[in-house]
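Below, all heavy atoms of this structure are taken into account, side chains as well, without hydrogens, waters or symmetry copies. Order of the sequence lines fixes the chain letters, A, B, ..., with proteins taken first and strands second; residue numbering starts at 1 for each chain.
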Amino acid sequence: MYQSPRGTQDILPEDAAVWRYVEQRAAEQARRFGYGEIRTPTFEDVGLFLRGVGSGTDIVDKEIYRFQDKGGSELALRPEATASVMRAYLERGLASRPQPVKLYSLINLFRYDRPQAGRYREFRQFNVEAIGEEDPLSDAEVIAILWRFLEELGLRGLDVLLNSIGDKVCRPGFIQALVEYYRPRVDEICADCRRRLETNPLRLLDCKNARCQPIADGAPKTIDHLCADCAAHFDRLRGYLQAIKLPYTITPRLVRGLDYYTRTVFEVVPPIVGGQSTIGGGGRYDGLAEEIGGKPTPGVGFAAGLDRIIMNLREQGCPLPASEVPDAFFACLGDDAKHCAVMLADRLRREGMAAVVGMGDRSLKARFRQAEASGAPWTIILGENELREQAAQVKNGLTGEQARVPFPDLVLHVTGALPSEAPTT
RNA sequence: GUGGGCGUAGCGUAGCGGUUAACGCGCCAGGUUGUGGCCCUGGAGAUCGUGGGUUCAAAUCCCAUCGCUCACCCCA
């Protein structure tokens with residue numbers, strides 16, 4: 001027997017209902033802020049990620065699904081969304097539209113990682129980007145989308161961690177200060193940090209090794225080294241967040257794993273710490289466009305891990321939708337009755353109802369069991385008598401009430417008892 | 001990539017060297033002639049993750065491998 005590839009999952013109907021719900025909430029939140037949907041390819045030229053995400057990051061050094069197609073192109077399954085969206089922005093001339101261009105997507109991503117709870121090799125994200133705008137209002141806006149999305153799903157105890165890591169003007173000075181702070185203490189830090197000191201000093205700050213904690217705590221803080229522009233940007237961002245009473249925690253040691261981030265970085269974490277906790281994160285990436293060969297273009301966005309969000313929704317007992325059930329189930333005796341049921345079910349479906357005809361050759365008792373298992377509120381019984389009278393026995397599964405309904409009245413009878421829906425025009 | 005735990009029918013579990021691998025849920029069918037959800041009875045369904053080894057004998061012990069899981073790492 002074949003097994004699904006490691007780190008992948010099958011989303012079965014009852015789970016798919018939950019996924020659809022969460023994705024709809026995401027799309028709805030994006031809509032409220034004026035963000036349009038974008039769908040980019042599942043695979044891209046591998047160089048886009050090498051340049052965009054940055055070699056030196058685990059994502060491209062160790063985790064990328066890379067392959068060559070028959071034409072010899074070097075391609076990669078997308079490990080993240082932002083580089084693709086920026087590529088589309090540059091390639092499709094979105095820079096000539098009113099700025100910022102506000103985009104969201106619901107996509108699957110691929111990372112060759114070691115799977116565990118909340119971490120898969122194929123996983124899904126709600127991704128939001130505002131490109132072409134430096135205004136800190138765009139930073140505030142994407143954070144607000146993420147927050148309202150999670151809030152309305154019913155998640156509790158969440159925290160927004162916020163920091164600014166400066167830009168090309170002030171970051172070099174900060175890095176220098178950081179390195180100067182760590183150099184004399186090189187013997188006190190872990191092996192990973194000694195490596196980071198040479199390759200990616202910023203990451204010294206988020207080391208989780210216990211022995212490095214006191215040293216990292218005492219390290220220079222990015223927010224103390226911001227240039228005037230970055231400091232002003234950060235202050236204004238905080239002002240907008242306060243205006244909508246969006247709670248956040250300034251976290252001086254928060255940095256991010258991808259190279260393209262500048263200024264604002266943020267992360268949303270659930271109350272329980274440990275493991276794969278981060279459910280969403282993002283920030284500003286004013287240097288990305290240039291990095292992948294485009295004109296300098298500011299941008300800000302986030303990615304939210306839908307697998308982790310659903311995991312948290314279940315843990316917290318948040319309201320989730322049940323599987324879809326049909327409106328009516330046809331329980332027929334004999335092939336003539338089944339033939340008739342096919343036609344009657346067709347009528348119901350043309351009116352927008354979900355109608356299921358019981359299959360196989362079974363006793364009426366077995367039919368009722370099928371009907372109950374289907375969850376349909378109405379069971380429509382068809383046998384010799386009903387065919388002769390051209391009227392079905394229609395039973396309400398909840399009350400047990402049963403009525404004789406002539407075939408022409410069937411649609412009305414079933415519709416009338418359904419929850420009324422808003423009329424569509 | 002590193003280390004720990006686990007892998008028995010669709011699901012949840014028992015069995016932990018010895019003849020037909022057990023139980024609950026679920027599934028299918030019966031319990032008089034066309035009415036389900038409770039109850040009763042019966043049935044189908046497992047090469048005990050896979051491959052190799054030890055042994056007279058292995059689901060039970062050993063090794064490998066695949067998968068799940070936890071921590072590290074990384075990140076969403």
Provide the distance between the two C1' atoms, one in B:G17 and one in B:C73, to the nearest whole Å. 41 Å
Name the nucleic acid region contacted by A:Ala366, choosing base, sugar-phosphate or nothing; use a 4.0 angstrom heavy-atom cut-off, strictly under. sugar-phosphate
Counting only side-chain N and O atoms of A:Arg369, is one of them less than 4.0 Å from OP1 or OP2 of B:C27? no
Sugar-phosphate, base or nothing in reach of A:Ala303, heavy atoms under 4.0 Å: sugar-phosphate
Taking only the C1' atom of each, what is the distance from B:U69 to B:C61 in whole angstrom? 24 Å
Considering only side-chain heavy atoms of A:Ser363, which listed nucleotide, B:A29, B:G30, B:G34, is closest? B:G30
When rounded to whole Å, the OH to P distance for the pair A:Tyr65 and B:C75 reads 17 Å
NA contact type, A:Gly7, heavy-atom cut-off 4.0 Å: base, sugar-phosphate, or nothing? sugar-phosphate
Proximal nucleotide (of B:U69, B:A76, B:G34) relative to the A:Ile381 side chain: B:G34
Do A:Phe123 and the base of B:A76 stack face to face, with centres under 5.5 Å apart and an angle between planes under 30°? yes
Between B:A76, B:C74, B:U35, which nucleotide has the shortest distance from any of its atoms to the side chain of A:Gln125? B:A76
Using the C1' atom as the reference point in each nucleotide, state the distance between B:U20 and B:C66 in Å, no decimals. 31 Å
Taking atom types as they are modelled, would you say the side chain of A:Arg111 forms a donor-acceptor pair with the base of B:A76 within the 3.5 Å cutoff? yes
What's the closest nucleotide to the side chain of A:Asp192 if the choices are B:C28, B:C73, B:U35? B:C73
Would you measure the distance from the P atom in B:G34 across to the matching atom in B:C38 and give it in whole Å? 23 Å
Determine the contact category for A:Glu267: base if any of its heavy atoms lies under 4.0 Å from a base atom, sugar-phosphate if only primed atoms, P, OP1 or OP2 are that close, otherwise nothing. nothing
Of the candidate nucleotides B:G67, B:C75, B:G36, which contains the atom at the shortest distance from the side chain of A:Arg6? B:G67
State whether the distance check finds a donor on one side and an acceptor on the other, under 3.5 Å, for side chain A:Gln402 versus base B:U35. yes
Counting only side-chain heavy atoms from C-beta out, which of B:G37, B:U35, B:U2 sits nearest to A:Arg114? B:U2
Distance-only check: which donor-acceptor pairs under 3.5 Å involve side-chain atoms of residues 380-389 of chain A, not counting sequence neighbours?
unit_1, atom_1, unit_2, atom_2, d
A:Asn385, OD1, A:Arg388, NH2, 2.9
A:Glu386, OE1, A:Gly383, N, 2.8
A:Glu389, OE1, A:Arg404, NE, 2.9
A:Glu389, OE1, A:Arg404, NH2, 3.4

Pairs flagged by salt bridge (charged side-chain N to carboxylate O under 4.0 Å, His left out) wherever residues 152-168 of chain A is involved - sequence neighbours left out: A:Arg25-A:Glu152, A:Arg32-A:Glu152, A:Asp167-A:Arg263
Gap in Å between the two P atoms, one belonging to B:U2 and one to B:G15, rounded: 33 Å
State the pairing partner of B:G34; accept Watson-Crick or G-U wobble contacts with both distances under 3.5 Å, and report none otherwise. none
Please say whether the positively charged group of A:Arg78, taken as NZ for Lys or CZ for Arg, lies over the ring of A:Phe110, i.e. under 6.0 angstrom from the six-membered ring centre and within 45 degrees of the axis. no
So A:Gln9, base contact, sugar-phosphate only, or nothing? Heavy-atom distance under 4.0 Å. nothing
Closest nucleotide among B:G34, B:C73, B:G30 to the A:Arg196 side chain: B:C73
Touch class at under 4.0 angstrom, heavy-atom based, for A:Asn127 against every strand present: nothing
Rounded to whole Å, please give me the gap between CE in A:Met311 and P in B:C68. 15 Å
Sugar-phosphate, base or nothing in reach of A:Gln370, heavy atoms under 4.0 Å: nothing
Quick note, A:Lys395 side chain, CB onward, closest among B:G1, B:A29, B:U35 is B:U35
Residue pairs passing the ring-ring contact (aromatic ring centres under 6.0 Å, His included) test with at least one member in residues 137-165 of chain A, sequence neighbours excluded, are A:Phe126-A:Phe149
Pairing partner of B:C72, by Watson-Crick or G-U wobble and under 3.5 Å for both distances, is B:G1
Please indicate whether A:Phe43 has more than 12 foreign heavy atoms, meaning atoms of other residues, nucleotides or ligands, lying under 6.0 Å from its CZ. no
Suppose we screen for side chain to side chain donor-acceptor pair (under 3.5 Å). Which residues come up paired with A:Arg185, at least two apart in sequence or across chains? none
Short N-O contact, A:Arg111 and A:Asp113, less than 4.0 angstrom: no
Using a distance-only criterion (donor-acceptor N/O pair, under 3.5 Å, no hydrogens), is the base of B:G31 paired with the side chain of A:Lys365? yes
Pair assignment for B:A22, Watson-Crick or G-U wobble, requiring both distances under 3.5 Å: B:U13
A:Thr249 and side chain to side chain contact (heavy atoms under 4.5 Å, CB included): which partner among A:Leu254, A:Leu161, A:Val269, A:Val160? A:Leu161
How long is the line joining CD of A:Glu401 and C1' of B:G37, in whole Å? 17 Å
Considering only side-chain heavy atoms of A:Arg203, which listed nucleotide, B:A29, B:C75, B:U35, is closest? B:C75
Which residues, if any, of residues 144-163 of chain A bring a heavy atom under 4.0 Å of RNA chain B? none
Whole angstrom is fine here: how far is it from CG in A:Asp113 over to P in B:C70? 13 Å
State whether A:Arg124 places a side-chain N or O below 4.0 Å from either non-bridging phosphate oxygen (OP1 or OP2) of B:A76. no
For A:Asp361, is the CG atom crowded, meaning more than 12 foreign heavy atoms sit under 6.0 Å from it? no
Taking atom P in both B:A59 and B:U47, compute the distance separating them and give it to the nearest angstrom. 13 Å
Given the C1' atoms of B:C48 and B:A9, what is the spacing between them in whole Å? 10 Å
Side-chain polar contacts of residues 12-22 of chain A - donor-acceptor pairs under 3.5 angstrom, sequence neighbours left out - could you list them?
unit_1, atom_1, unit_2, atom_2, d
A:Asp15, OD1, A:Arg314, NH2, 3.4

Which part of the nucleic acid, if any, lies within contact of A:Phe329, taking any heavy atom under 4.0 Å across all strands shown: a base, the sugar-phosphate backbone alone, or nothing? nothing
Would you classify A:Gly282 as touching base, sugar-phosphate or nothing, given that sugar-phosphate means primed atoms plus P, OP1 and OP2, and contacts are heavy atoms under 4.0 Å? nothing
Rounded to whole Å, how long is the line connecting atom OH of A:Tyr261 with atom P of B:C75? 10 Å
When rounded to whole Å, the CZ to C1' distance for the pair A:Phe368 and B:G34 reads 9 Å
Give the rounded distance in Å between these two atoms: CG of A:Leu109 and C1' of B:C74. 15 Å
Would you say the side chain of A:Glu386 and the base of B:G34 hold a donor-acceptor pair, judged only by whether the two atoms sit under 3.5 Å apart? yes
May I ask you to verify whether the side chain of A:Arg119 and the base of B:C70 hold a donor-acceptor pair under 3.5 Å? no
Walk me through whether A:Tyr35 and A:Gln29 qualify under side chain to side chain contact (heavy atoms under 4.5 Å, CB included). CA-CA 9 Å; A:Tyr35 286 64; A:Gln29 207 57 241; over 6 Å; no
Can you tell me how far P in B:A29 sits from the matching atom in B:G67, rounded to whole Å? 39 Å
